[in-house]
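Remarks on the structure that follows.
As the structure lists them, so they are numbered: ligands from 1, and atoms in each ligand from 1. The figures here come from the full heavy-atom set of this structure, side chains too, leaving out hydrogens, waters and symmetry mates.
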Amino acid sequence: MKLEIRNVGKTFQSKSGAITAIDTATLNVRAGEFVCLLGPSGCGKSTLLNLIAGLDKPTRGEILMDGKPIGNTGTDRVMIFQSAALFPWLSVFDNVKFGLNMIGVPKPERQVIARRYLAMVHLAEFENAFVHELSGGMRQRVAIARALALDPAVLLMDEPFGALDAQTRDLLHGELQTIWQATCKTILFVTHNVREAVVLGDRVVVFSARPARIKREWTVDLPRPRQIESYAVVDLARDIMQTLKDDVLVSQRDNDAQRLSELEMQMIGDDVL
Ligand SMILES: Nc1ncnc2c1ncn2[C@@H]1O[C@H](COP(=O)(O)OP(=O)(O)OP(=O)(O)O)[C@@H](O)[C@H]1O
Ligand SMILES: [Mg+2]
């Protein structure tokens, strides 16, 4: 489904006054497009995903899916977070079936759907396992299967691989590309890792420091599957990093010292040095 973000702004009211997280964002995402969002910490990326998910309302502007304003949360737009947010008291199978239960899918169908997506993320043999028995990468795979089981048109992924080690992340990059190609989902993927954005995205959109506006965007027309270490990926990532760097520094000045993001430092270390 086509997603249109039209002149969207978001201002939060807090005890210390109003905080404008997003100034104005306008972004058109084609059906089946994979768009990666980059920007300094605190610039409003998660806020934008929350607005698209319907978890919160924009202060200005509107969000449309196939021309219709989105409502509250719905199974057409599903979020995947950095922490997999699984239910520890449920098995892997029951975690994936949970949302299907909520929307009233009959039991035999639930089982078929859950098994299909567990197979897709290579966890068929772990359906009876519990969350504490899984590695971080496996947990994220369950979260992906759980989201896909709802058959959303749009997947909203907020730093889903941010807490994983590099090898697991690379593996999941490959798997996510395969899943995306097989399912034709529209994906919005927030990351702090510039190379990850280049590996995954059809398009990489860079936000400015808060209040966020779209600063620049790149179309990535490298052949897939892409490798994170390839020269083409590293070259484009370096170019994007140059644009991002100034805003990361502005945002660091704005944040107090305690909130200086380790992630940003890593990102600079990763991609600029
Ligand atoms: N519910 C809220 N109430 C008040 N302020 C909020 C709320 N949610 C977010 N903010 C503020 O909005 C700004 C943007 O936050 P957001 O979480 O969207 O940033 P982000 O780009 O996702 O950052 P990060 O990369 O660190 O995850 C921040 O200044 C944050 O403090
Ligand atoms: Mg965030």
Side-chain angles (χ1 to χ4, degrees), residues 3 5 7-27 29 35-61 63 70 72-73 77-85 140 143 147 154-164 169 187-198 200-201 204-217 237 240-241 243-272:
L3 180 68
I5 297 152
N7 300 318
V8 163
K10 179 69 184 175
T11 301
F12 293 104
Q13 302 297 337
S14 72
K15 275 185 225 148
S16 47
I19 297 175
T20 297
I22 302 170
D23 179 15
T24 326
T26 294
L27 183 66
V29 183
V35 176
C36 291
L37 308 178
L38 285 167
S41 184
C43 80
K45 303 178 295 295
S46 297
T47 301
L48 183 62
L49 289 200
N50 286 339
L51 296 177
I52 299 168
L55 293 165
D56 205 349
K57 297 248 178 290
T59 326
R60 297 172 291 284
I63 301 173
I70 57 161
N72 297 329
T73 52
R77 290 152 283 135
V78 173
M79 193 91 137
I80 298 176
F81 301 96
Q82 181 168 1
S83 69
Q140 270 328 40
V154 179
L155 271 183
L156 303 164
M157 306 184 81
D158 197 357
E159 302 186 47
F161 306 148
L164 303 178
R169 199 187 56 200
I187 302 185
L188 259 75
F189 187 105
V190 169
T191 175
H192 276 277
N193 184 312
V194 186
R195 279 186 283 170
E196 175 169 79
V198 174
L200 295 174
V204 176
V205 174
V206 172
F207 287 92
S208 69
R210 185 171 59 81
R213 38 180 193 81
I214 292 170
K215 193 170 173 187
R216 207 177 140 186
E217 59 175 64
I240 295 173
M241 192 62 218
T243 300
L244 200 52
K245 211 169 59 174
D246 297 341
D247 277 282
V248 169
L249 295 174
V250 169
S251 129
Q252 284 185 351
R253 266 202 306 271
D254 287 354
N255 291 345
D256 68 29
Q258 279 175 332
R259 290 188 53 220
L260 282 185
S261 162
E262 273 178 41
L263 280 169
E264 286 159 7
M265 301 313 287
Q266 274 173 17
M267 182 173 71
I268 292 170
D270 254 15
D271 287 318
V272 168

Under the criterion side chain to side chain contact (heavy atoms under 4.5 Å, CB included), I'd like the reasoning laid out for Phe207 against Leu48: C-alpha separation, chi angles, the key distance, then a yes or no. CA-CA 11 Å; Phe207 287 92; Leu48 183 62; 3.7 Å; yes
[X] (side chain) donor-acceptor with [Y] (main chain) under 3.5 angstrom:
| X | Y | value |
| --- | --- | --- |
| Gln140 | Ala163 | no |
| Thr73 | Ala53 | no |
| Lys57 | Leu51 | no |

Compute the shortest N/O to N/O distance between [X] and ligand 1 and return yes if it is under 3.5 Å, no if not.
| X | result |
| --- | --- |
| Ser41 | yes |
| Phe12 | no |
| Gly44 | yes |

May I ask whether Ser14 places a heavy atom under 4.0 Å from ligand 1?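 The answer is no, since Ser14 has no heavy atom less than 4.0 Å from ligand 1.
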Would Lys10 count as a contact residue for ligand 1, given that I'm defining contact as a non-hydrogen atom of the residue lying under 4.0 Å from a ligand atom?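 So Lys10 does not count as touching ligand 1.
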Have a look at Lys10 and tell me which of Thr47, Asp56, Thr59 forms a side chain to side chain donor-acceptor pair (under 3.5 Å) with it.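 Answer to the side chain to side chain donor-acceptor pair (under 3.5 Å) test with Lys10 among Thr47, Asp56, Thr59: Asp56.
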Need the ligand 1 atom indices (1-based, order shown) with element for anything under 4.0 Å from a heavy-atom of [X].
| X | answer |
| --- | --- |
| His192 | 24 (P), 25 (O) |
| Glu159 | 25 (O), 27 (O) |
| Cys43 | 19 (O), 20 (P), 21 (O) |
| Arg210 | 13 (C), 29 (O) |

Nearest heavy atom to atom 17 (O) of ligand 1 wins, so pick from Ala212, Ala209, Ser46, Gly39.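 The residue whose heavy atom sits nearest atom 17 (O) of ligand 1 is Ser46.
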Report the C-alpha distance between Leu49 and Met79 in whole Å, list the side-chain angles of each, state the deciding distance to 0.1 Å, and finish with yes or no for side chain to side chain contact (heavy atoms under 4.5 Å, CB included). CA-CA 8 Å; Leu49 289 200; Met79 193 91 137; 3.8 Å; yes
One pair to check against salt bridge (charged side-chain N to carboxylate O under 4.0 Å, His left out): Lys45 and Asp158. What are the steps and the verdict? CA-CA 8 Å; Lys45 303 178 295 295; Asp158 197 357; over 6 Å; no
Check the pair Val206, Glu217 against side chain to side chain contact (heavy atoms under 4.5 Å, CB included), reporting the backbone distance first and the verdict last. CA-CA 6 Å; Val206 172; Glu217 59 175 64; over 6 Å; no
Under 3.5 Å, which donor-acceptor pairs link side chains of residues 17-27 to any protein atom two or more places apart or in another chain?
| from | atom 1 | to | atom 2 | distance (Å) |
| --- | --- | --- | --- | --- |
| Thr20 | OG1 | Thr11 | OG1 | 3.1 |
| Thr26 | OG1 | Asn7 | N | 2.9 |
| Thr26 | OG1 | Asn7 | OD1 | 3.2 |

Within the 3.5 Å criterion, strictly below it, is a donor on Thr191 or Glu196 matched to an acceptor on the partner's side chain?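 Indeed, the side chains of Thr191 and Glu196 share at least one donor-acceptor pair under 3.5 Å.
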Mind counting the protein N, O or S atoms sitting less than 2.8 Å from the Mg ion (ligand 2)?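 Under the 2.8 Å cut-off, the count stands at 1.
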Might you work through the side chain to side chain contact (heavy atoms under 4.5 Å, CB included) test for Leu188 and Leu3, ending with a clear yes or no? CA-CA 10 Å; Leu188 259 75; Leu3 180 68; 3.9 Å; yes
